[in-house]
Each structure stands twice: as structure tokens, then as C-alpha cells.
Amino acid sequence: MDELLQAAAATGAPLYLSYPRNGLLFRHGAELREMMRAHYPHTRLAMTRPLKHSTMGGAPGTGAMNVTEDVYYGGWE
């Protein structure tokens with residue numbers, strides 16, 4: 001994820017990044033907002049929405065699971 005954020009910031013464009021609250025980063029104790037701040041001085045939570053994510057066959061017995069999706073903004077102003 002850090003390499004993605006670094007590459008995105010190197011373009012000079014702001015970034016909107018959508019990530020679920022129960023995603024792998026959070027399960028491993030990482031804070032996406034803090035990771036973004038290393039590359040974008042102005043980082044904020046832009047939006048939160050409940051969604052259904054496809055399990056793509058990874059969760060037995062269900063084709064989708066409920067998640068809370070956070071959308072972060074990273075930029076320079």
C-alpha cells in the first residue's frame with residue numbers, strides 16, 4: 001500500500017482511496033490515514049458508507065458480506 005501511495009503522490013494529483021474498515025491493513029494494525037499522511041500533508045476521511053463486498057468465493061456460505069467502506073482524500077491543500 002505504501003508503494004501505491006508513494007506512486008500516486010509522485011504524479012502530483014490528489015488521491016481518493018476507498019478501503020473497508022475490516023480490510024487486511026486494519027486487521028494488521030495499520031492506519032491507512034497515517035500511511036497517506038506520509039505522502040499527502042492534507043489527508044481526511046471524506047465519506048463513510050455501508051456496502052456489500054463480494055467475497056469472490058473466499059467466505060464459505062455467502063457471496064457477499066456487509067462492510068463499512070471509508071473513502072479517504074489525500075492532497076496538498
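These numbers were taken from a predicted model, which means no experiment stands behind them.
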With a 4.5 Å limit on heavy-atom distance, are the side chains of His39 and Asp2 in contact? yes
Inter-residue atom distance Asp70.CG - Arg49.CZ, 0.5 Å rounding: 11.0 Å
Could you tell me whether a side-chain N or O of Tyr40 sits under 3.5 Å from a main-chain N or O of Ala9, the two making a donor and an acceptor? yes
Crowded around Glu34 CD? As in, over 12 foreign heavy atoms under 6.0 Å? yes
Side chain to side chain, Thr48 and Arg21, heavy atoms closer than 4.5 Å: yes
Measuring from Tyr72:OH to Arg44:CZ, what's the distance to the nearest 0.5 Å? 12.5 Å
Does one hydrophobic cluster hold both Trp76 and Leu15, with members joined at side-chain heavy-atom distances below 4.5 Å? yes
Hydrophobic cluster membership, with links at side-chain heavy-atom distances under 4.5 Å among I/L/V/M/F/W/Y: are Leu45 and Met47 in one? no
Does Met35 reach the side chain of Leu25, with side-chain heavy atoms less than 4.5 Å apart? yes
With rounding to the nearest 0.5 Å, note down the distance linking CG in Leu17 to CE in Met36. 5.5 Å
Heavy-atom side-chain proximity of Tyr19 to Val67 below 4.5 angstrom: no
Would Leu32 and Phe26 count as a side chain to side chain contact (heavy atoms under 4.5 Å, CB included) if you check the C-alpha gap in whole Å, the side-chain angles of each, and the deciding distance to 0.1 Å? CA-CA 8 Å; Leu32 184 53; Phe26 297 114; 4.1 Å; yes
